[in-house]
Amino acid sequence: MLFRPDTGDLAAIGLNLSRVLLVVAAVMLIPAVLGFALGETNDALSFVIAAALTASVGLVGEIILPRDIDIDWQHGMMVAAVAWLVAPVFGAVPLHLSGHYGGFLDAYFDAMSGFVTAGLAVINDLDHLSDSVNLWRHLMHFLGGQGLMLMALSLFAGGGGSVGMYVGEGREDRIVPNVQRTAQIIWRVALVYALIGVTLVFIVLIGAGVAPARAIFHAINLWIAAFDTGGFAPNAAGIWLYHSWSVEIALGIFMVAGALSFALHYQLWQRRVGEMWRNIETRLFALSILGVFAVACVGLLRAGTYDSVNPLMRRAFFQVVSAHTGTGFSNIPGRLFVTDWGLLAPAAVVLAMGLGAMAGSTAGGIKLIRLGLVAKAISEQMRRLTLPRSAVTIQTYHSGTRQVLSDQVVRSALTILLLYLVLYLFGAAVGLFYGYTFDQAMFESTSAAAAVGLSIGIVGPTMPVWLKITYILQMWIGRLEFVAVLALVGFIWSAYRGRV
Amino acid sequence: MSPRRYRPITTVQAIVGTVAILAAVAVIVGMSQLLLLPQTGVRLLEAPEHEDEGLTNRGEVTCPSRENLARRPSPMPVSSSELIECPKLFDGEQVRYEGEAVGVVLLRPTHSWVHVNDDPYAVRIGPVSEHRTVAGGNSGMAVSMPRETAAAVTPGAFRTAGTGLSIVGTFLRADPDDGGAPSIRATGVRVVRDARSVHQEISVRRIVAAVVFVAVAMGLLVVRRVVRRRSYT
């Protein structure tokens, strides 16, 4: 029996949503300052307008809504689900005002893609975009990658519902018992990586021949997109622009770092390096990258794409790592997946995108922990078949600590895994409806739902409107890993049909 | 759920709330539309010799047959879309390619890299930042050229329409010297259009809107502070 929510529930959700908007508004001031400094006055003004508008909405919520309501887990879930829909509305305003979009829906598409760290884009003439708007595209990656809820939780005490907000945006690992403290640790780790990452990428860009003034701007944006597994790049050519293996290796390191869970980062931070090898997910991640890379190599050899080892290794490995970590950087033009890579190699890329990386990271997709748990459950089932009926078996796995594999955990992993497969197929079906071939529709659909950002050319400014809406929904649902979305649907249903 | 001093929302309230949210989004979209800079009209640039497809060369590209290709003049004029859609067909061919330098010029000791776009912004209508008319995404090709030639190139950016270049060279589908990425190895580069600055008028409407919105936000900030202070006392 569903109970109808009361005004107190709405107030609790609204208040926390307001706080998320205040955070978004504050971050908008960074590109505003850059815009004024570089003389990009119109775009700087658009950031001031968007920041003031976003802050005003947030402040109205803070003023009129009562602050004495303890939020619970369900409220937290609602906040997560709604915030990831609402923040891109405000984030889209400066994008739309830049004049590079065909309409507000297109700007919203890119804002959603930015926040969910997908990296798919429908922008027109990116190569003549102002630096301030370009920085905002990447800052949305940073906000979304680190977590909108996490950002709000770092600054405001969330109460009991903090866990709901935290889990609602697809995070499962609480590093320390207090969610607010966990949020602060995640920020600290990210800032250390930022310092090291921007410096390293800056050095390799200088080595690649980029002028220092441009190198620093590109380094900041590229590091954000790599570490937050985003995939936006400052130019339309992406990583192909740099013609540098050292740039690709540097970005590869941070793509992989971004694809590791923050709990694992914390373990490394605590000098518990052994966790890297014991953790079921890191083992699977390494095995999966190598396996998919091998398949991609076979596919490229069969297609006759490359005739020597160096290009084969460099292009295939970078694309596989980019896909598997959910980043979406590309060091070749995306259309080559269709016109020069044959069928098997792009299929391997789709597989990598669909699987994703570690739970609790910024990557999307099914996540390897779920795959590992299901595989363990299957092996457990097979083992039971060979033992007497009365035998009692226990299956364990290592993720942070040694844990017993329970039926509930397996059921949960299997449910999410199946929901992802349905989501991938749903987007592909819509693509088929618009006349694309299954392989191309599946590639783009998986890229959107797993928040990767690689594209074979379907996603673009001239894409049909309903396909844009489909991909927006896929990106949103995929980023929240279904739970918060299902909770939101239940909440809306109960608001209309629940028992008073 | 919260303590029961709050009333359950009624169906009417739920409907009104939903409509109010949709209306708020519509207001934001409408406001954003109002504050867009006006389109200034497009002044067509002189088209490259091989360009005969109007404003865009990014539609469906059908790979030409070998016979049709043989009828093209040598070096054969190509677009980036053709090179990417039909890489094996053009692999190793002498091509003539024209467009605008964009992004960054990578000056290396032996040779340099310049990314050259041949999309509508590059060859027909100029940057969006100039006229706010959109015509699709960017499309281009990497070009390897001598360092001294690249040093004279200004890449296109927000306030710059980059140097227009006409390039003659060999297209390589998987350039071994670039780790397998497609590129044109230039044997001849000619500047066909100098880089130029793009000017943007500052929008008075945006200044006014910014002042109003900031004033509202500051006012609300003060109100919030007062409300908080009262609630503490």
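In what follows, every heavy atom counts, from backbone to side chain, and hydrogens, waters and symmetry copies are set aside. Being a predicted model, the structure only gives us computed values, none of them experimental. Naming: A, B, ... by sequence-line order, numbering from 1 per chain.
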B:Asp178 side, atom CG; B:Leu172 side, atom CG - distance, nearest 0.5 Å: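 CG of B:Leu172 is found 10.0 Å from CG of B:Asp178.
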From A:Leu129 atom CG to A:Ile123 atom CD1, the distance as rounded to the nearest 0.5 Å: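 Here the rounded value is 4.5 Å.
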Counting heavy-atom pairs under 4.5 Å with chain B, which one of [options] comes out on top?
options: A:Asn331, A:Val57, A:Leu312, A:Val210; value: A:Val210
options: A:Glu40, A:His96, A:Arg314; value: A:His96
options: A:Trp245, A:Tyr306, A:Phe104, A:Trp240; value: A:Trp240
options: A:Ala236, A:Ala12, A:Ala55, A:Ser130; value: A:Ser130
options: A:Leu241, A:Val122, A:Thr462, A:Asn310; value: A:Leu241
options: A:Ala211, A:Ser308, A:Ser56, A:Pro66; value: A:Ser56

Given heavy-atom pairs under 4.5 angstrom as the criterion, report whether the side chain, backbone, both or neither of [X] touches chain B.
X: A:Thr305; result: both
X: A:Phe90; result: side chain
X: A:Pro311; result: both
X: A:Ile64; result: neither

So which of [options] has the biggest tally of heavy-atom pairs under 4.5 Å with chain A?
options: B:Met141, B:Gln13, B:Gln39, B:Met218; value: B:Met141
options: B:Ser32, B:Ala210, B:Ser129; value: B:Ser32
options: B:Ile28, B:Val227, B:Val25, B:Asp175; value: B:Ile28
options: B:Ala157, B:Gly156, B:Ala217, B:Ala24; value: B:Ala157
options: B:Arg132, B:Glu201, B:His115; value: B:His115
options: B:Val114, B:Leu106, B:Asn117; value: B:Leu106

Can you tell which part of [X] gets under 4.5 Å to a heavy atom of chain A, answering side chain, backbone, both or neither?
X: B:Ile21; result: neither
X: B:Arg108; result: side chain
X: B:Ser112; result: neither
X: B:Val105; result: backbone

For the residue pair [X] and [Y], confirm or rule out a side-chain donor-acceptor distance under 3.5 Å.
X: B:Ser144; Y: B:Ser183; result: no
X: B:Ser203; Y: A:Asn42; result: no
X: A:Ser246; Y: A:Ser244; result: yes
X: A:Asn221; Y: A:His218; result: no
X: A:Tyr101; Y: A:Asp110; result: yes

Over all atoms of both residues, closest heavy-atom pair of A:Ala111 and A:Pro88: CB-O, 3.4 Å
Has [X] got more than 12 heavy atoms of other residues, nucleotides or ligands less than 6.0 Å from its [atom1]?
X: A:Met313; atom1: CE; result: no
X: A:Arg67; atom1: CZ; result: yes
X: B:Ile202; atom1: CD1; result: no
X: A:Phe36; atom1: CZ; result: yes

Heavy-atom contacts under 4.5 Å, residues 83-93 of chain B to chain A: B:Ile84, B:Glu85, B:Pro87, B:Lys88
Derivation of the side chain to side chain contact (heavy atoms under 4.5 Å, CB included) call for A:Asn134 and A:Phe217: CA-CA 10 Å; A:Asn134 222 334; A:Phe217 180 74; 3.9 Å; yes
Test: A:Arg4 and A:Asp9 ion pair at under 4.0 Å: no
N-O pairing of B:Arg193 and B:Glu100 below 4.0 Å: no
Whether A:His243 and B:Trp113 hold their rings parallel, tilted or perpendicular, with breakpoints at 30° and 60°: parallel
